Amino acid sequence: MRLLAPASSIVSALLYGSAAFAQIVGSQNASLAFKVVSGGNDNYFLRDNLTSAQLLLTSANSTSTAGRLVVALPAGNTGALTYFLPKSEVAISQGDSGNNTTVGALNVTLVDGSFKSATTDYFNVGVQADLSFDANATLGVTIVGAVRAMRDYVEGNGVMHEIFNYTLASYNDTSVRLHRQWINTTSPTSLTYKGADLYLTVPSGSPARLSVTPGNNGTWTPPTVDILVPGGGQNGTVRVTVVTNETSLMGLDTQRLFLSESTNGSQALQAALHGLADGENEAAKQVSFLTYADKFTAGGWRFLTYFGRDSLIALRLLMPTLTSEAIESALGAVIERANSTGALCHEETIGDYASFINIQNNRSDLGNQPFYDYKRAKAVADLLLLPAMSHYFLELPQGNGRAQQFLSQNATLQNGTYAEILNRTIFYNLQRATPFAQSPVFSNLIGLRPGQPVGNWRDSNEGLGFGFYPFDVNSALVPASLCATQALLEAGVLGFTGLEAGEVGRVAGVWEEKAAGLFEVAVGAEEAERRLENFVRAANLSESLLSAGTNGSITAGTNASSSGNVSFYALSLMQDGTPVEVLNSDMGFNLVYGANVSREFLQHVVDALQPYPRGLLTDVGMVVANPAYDSNTTMIDVLNRAAYHGTVVWSFQQGLMAGGLARQLGFCTVNALGSNSTTNSTSSSPPSSSSPSNTVDTNPAPTPVPDWCADAAFVQSLQDAQTRLWASIRGAQDEIYSEVWSYSFDNATYTFSVADLASLSPSGTESDAIQLWSYGFLGLVDPTAGANSTRAH
């Protein structure tokens, strides 16, 4: 049963026996403390010797009449969500004709220096912060406990399950305790008691008071909790405390996470490492907040838990800058969560929400044991692990000589050594890849799990255009996993498998040669123009974007396909093999993970890196999907600028494309220099002018070096595409570490500007202020800087 909670009410409450109020610990010596402003919200982050937490508060300059507070703790993925509404607004919305108070803006701000850790009874640990109110307020929707339940409400049109209702534990005019007891728990005095609390208290000296009216209908009627301030220009302060007795995680500080600047390496590597290990760089602190000794987390506030796909993509991009400890922490977390078949976990659900999932799966006997989701792993996480391991153990100095020790470790979350668990994954991947190698037809590609609508990084059915066979999985990740397995076998790292490296390589070769071609889309020149004109009208753009060949700072290249016909790789294939004709950014996976990328494939990359809507590049970033050429015009609405995986910018996809282009161009630089490593930076000059001093990552060139490297004009076209891509990236440089953003278009100036996705999305889907895989830019240098290449941001 699901409960609809309107914006002017609290989810639920009932009376609960009295208990101790929060006792605040004095100021801790925080190892991390920083602030990020994103999407109309102020985000505060804290890590000390007690806990880690993120606090989000609606920015004071927001146009919203309500203020939102989110507190998220990685411990048990626990937190609290509440809305502060102007009290006069509530009275009017409830038909109080006797209240003639004019509705005004409510400003709720965080008092400087007040965000710190806190403890209470029952081993509860969390954070507290003082909030200043400039007018009377009332609590709107309030959720205490599982962050995943908070996500369900925010992104589920105001719907959540009533099993997550909280209770009104105790109250008076200076203190309120809202308590959430875990689904599977015992009495509060038991050592197994689990729960979370949200406290509102009036600190000494504050003139604010709390007025509480308990609900009168059990779990269906919420209490009314009002925050009253004197008025007349005098603010009132209320202290908010959120705590849980879930176990806090041990973080990786920047010194343990990043290599020191004294590490031997190229000039570009030194530039990339500057300010990371010592924590001077703000982005380094942000990555540190998301990384822990036993797992990496995906992003805050919505995803402060383990995601295998996100961990492995972020790891691949960041790896040249990371310590062995950090790399092996991420790899170990992935291996630990493999299932009995060898599939790897996509998402780990912990805390109270794990109990809920287990109940839904008719396994209430499991209590709150973590639930491991493998639905996306069939197509993503298990295919990313071997390429990461191959790069680490065979190509990076950090992994030199460490493979045997790492693989001989005993797992802590299941029985067996890492080698034994990995063996299952290797055979699992090979078994799924073999049918296509025997008969390379579309029906032997890797599709979604039966009954599951998701299966690649675009974890929505709409994001794949309702397709069944994802392009990136089949054209890039399957062959990459097989090639990495082959390399590790040839190096003797996987001697325990009993596999023949040559046979694995033969299977990989079929995938490399045949898979991408099954996704080929071709549109004649005249029809392509007709579809483009229809698209710009439907998307409220200007046809001048088609005639001018430019948008903002992004100018069309002269190196696009000259025939006038348009060809590209489909976003996915339907179950009958029909292509979803959506131009997309997923070619970046092939560039990062592929060593035998064809000239034809690279020409598609050049063609895609043209100004939008002919290509993917706006002047505020590269969109991940462009349905302009799709004969199915319904995709224009499905993948519009308000869709989570639509014509929006995902920062990590830009990082993949930028890093991948540098990697491929670097293969030509290797040839010119006779070197054995490649560069993550290329200048706009011919390849022979590059030097090993520009190397951030280490990528041995394929043998033989690609034939297209000898064609100077073609190489120049790739470099021009790279220049356009970086101009697009720089257009929204302030957003580079956030998750996703959309655009607004000015028909007068024909330019794009950054738009907050949450303000456009009909479901309320918002962007995380910090997202792990977006920090891949820390391992890239801006190639337009030439010999003075600097880190991307």
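None of these values were measured; they are calculated from a predicted model.
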[X] bridged to [Y] by N-O distance under 4.0 Å:
X      : Y      : result
Arg458 : Asp586 : yes
Arg316 : Asp697 : yes
Glu347 : Arg309 : no
Glu336 : Lys295 : no

After noting the C-alpha distance and the side-chain angles of Gln486 and Glu490, does the key distance pass the side-chain hydrogen bond (donor to acceptor under 3.5 Å, both in side chains) rule?
-> CA-CA 6 Å; Gln486 179 187 12; Glu490 290 174 344; 3.3 Å; yes
More than 12 non-hydrogen atoms from neighbouring residues, nucleotides or ligands closer than 6.0 Å to [atom1] on [X], yes or no?
X      : atom1 : answer
Gln452 : CD    : yes
Gln360 : CD    : yes
Asn415 : CG    : no
Gln404 : CD    : no

Looking only at heavy atoms, which two atoms of [X] and [Y] are closest? And how far apart?
X      : Y      : result
Gly465 : Met635 : CA-SD, 3.8 Å
Trp741 : Val648 : O-CB, 3.4 Å
Glu766 : Arg302 : O-NH1, 2.9 Å
Asn444 : Phe436 : O-CB, 3.5 Å
Thr254 : Ala284 : CG2-O, 3.7 Å
Thr647 : Pro627 : CG2-CD, 3.7 Å

So do the side chains of [X] and [Y] get within less than 4.5 Å of each other, counting heavy atoms only?
X      : Y      : result
Thr349 : Asp373 : no
Thr305 : Pro74  : no
Val649 : Val740 : no
Phe258 : Ser288 : no
Asn474 : Leu573 : no
Thr417 : Ser408 : no
Tyr392 : Ser324 : yes
Val380 : Trp457 : no

Could you check Leu73 against Leu304 for side chain to side chain contact (heavy atoms under 4.5 Å, CB included), going step by step and ending with a plain yes or no?
-> CA-CA 7 Å; Leu73 311 169; Leu304 288 177; over 6 Å; no
Would [X] pass as a cation-pi partner of [Y], given that its NZ or CZ must be under 6.0 Å from the six-membered ring centre and within 45 degrees of the axis?
X      : Y      : value
Arg663 : Phe667 : no
Arg337 : Tyr306 : yes
Arg47  : Tyr292 : yes

Stepwise side-chain hydrogen bond (donor to acceptor under 3.5 Å, both in side chains) test for Asn184 and Ser355 = CA-CA 7 Å; Asn184 285 276; Ser355 297; 3.0 Å; yes
Less than 6.0 angstrom separating the ring centers of [X] and [Y], yes or no?
X      : Y      : answer
Phe303 : Phe307 : yes
Tyr644 : Trp650 : yes
His346 : Tyr374 : no

Nearest 0.5 Å please: distance from the [atom1] atom of [X] over to the [atom2] atom of [Y].
X      : Y      : atom1 : atom2 : answer
Leu482 : Arg432 : CG    : CZ    : 9.5 Å
Glu503 : Leu489 : CD    : CG    : 11.5 Å
Leu315 : Met389 : CG    : CE    : 11.0 Å
Leu583 : Leu639 : CG    : CG    : 11.5 Å
Ile421 : Gln414 : CD1   : CD    : 3.5 Å

Begin from the C-alpha positions of Asp382 and Asn429 and carry the test side chain to side chain contact (heavy atoms under 4.5 Å, CB included) through to its verdict.
-> CA-CA 7 Å; Asp382 36 72; Asn429 288 339; 3.5 Å; yes
Would the distance check show the side chain of [X] and the main-chain N or O of [Y] forming a donor-acceptor pair, the cut-off being under 3.5 Å?
X      : Y      : result
Asp352 : Ile183 : yes
Ser390 : Leu386 : no
Asn584 : Val582 : yes
Asn590 : Ser475 : yes
Asn339 : Ala343 : yes
Ser774 : Ser738 : yes

Please lay out, stage by stage, how Tyr569 and Phe519 fare under the test ring pair (Phe, Tyr, Trp, His ring centres under 6.0 Å).
-> CA-CA 5 Å; Tyr569 294 116; Phe519 293 80; 7.9 Å; no
Take Leu430 and Thr485 through the test side chain to side chain contact (heavy atoms under 4.5 Å, CB included) and record every step on the way to the result.
-> CA-CA 9 Å; Leu430 184 60; Thr485 301; over 6 Å; no
Taken in chain and number order and not counting sequence neighbours, the residues that satisfy ring pair (Phe, Tyr, Trp, His ring centres under 6.0 Å) with Phe45 are Phe34, Phe289
Looking at Asn368, Thr78, Asp152, which hits side chain to side chain donor-acceptor pair (under 3.5 Å) with Tyr353?
-> Asp152
Take Tyr418 and Phe406 through the test ring pair (Phe, Tyr, Trp, His ring centres under 6.0 Å) and record every step on the way to the result.
-> CA-CA 7 Å; Tyr418 283 180; Phe406 176 78; 5.1 Å; yes
Could you walk me through whether Asn358 and Ser364 pass the side-chain hydrogen bond (donor to acceptor under 3.5 Å, both in side chains) check?
-> CA-CA 5 Å; Asn358 290 333; Ser364 59; over 6 Å; no
Ser329 and Asp294: side chain donor to acceptor below 3.5 Å |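 Not at all, the side chains of Ser329 and Asp294 share no donor-acceptor pair under 3.5 Å.
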Please check if any side-chain donor atom of Asn43 sits under 3.5 Å from a side-chain acceptor atom of Gln54, or the reverse.
->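 A pair is found: one side chain offers a donor N or O, the other an acceptor, under 3.5 Å apart.
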side-chain hydrogen bond (donor to acceptor under 3.5 Å, both in side chains) between Gln771 and Tyr737, worked out = CA-CA 6 Å; Gln771 194 76 6; Tyr737 300 130; over 6 Å; no
From the list Trp511, Phe468, Phe471, side chain to side chain contact (heavy atoms under 4.5 Å, CB included) partner of Leu445 resolves to Trp511
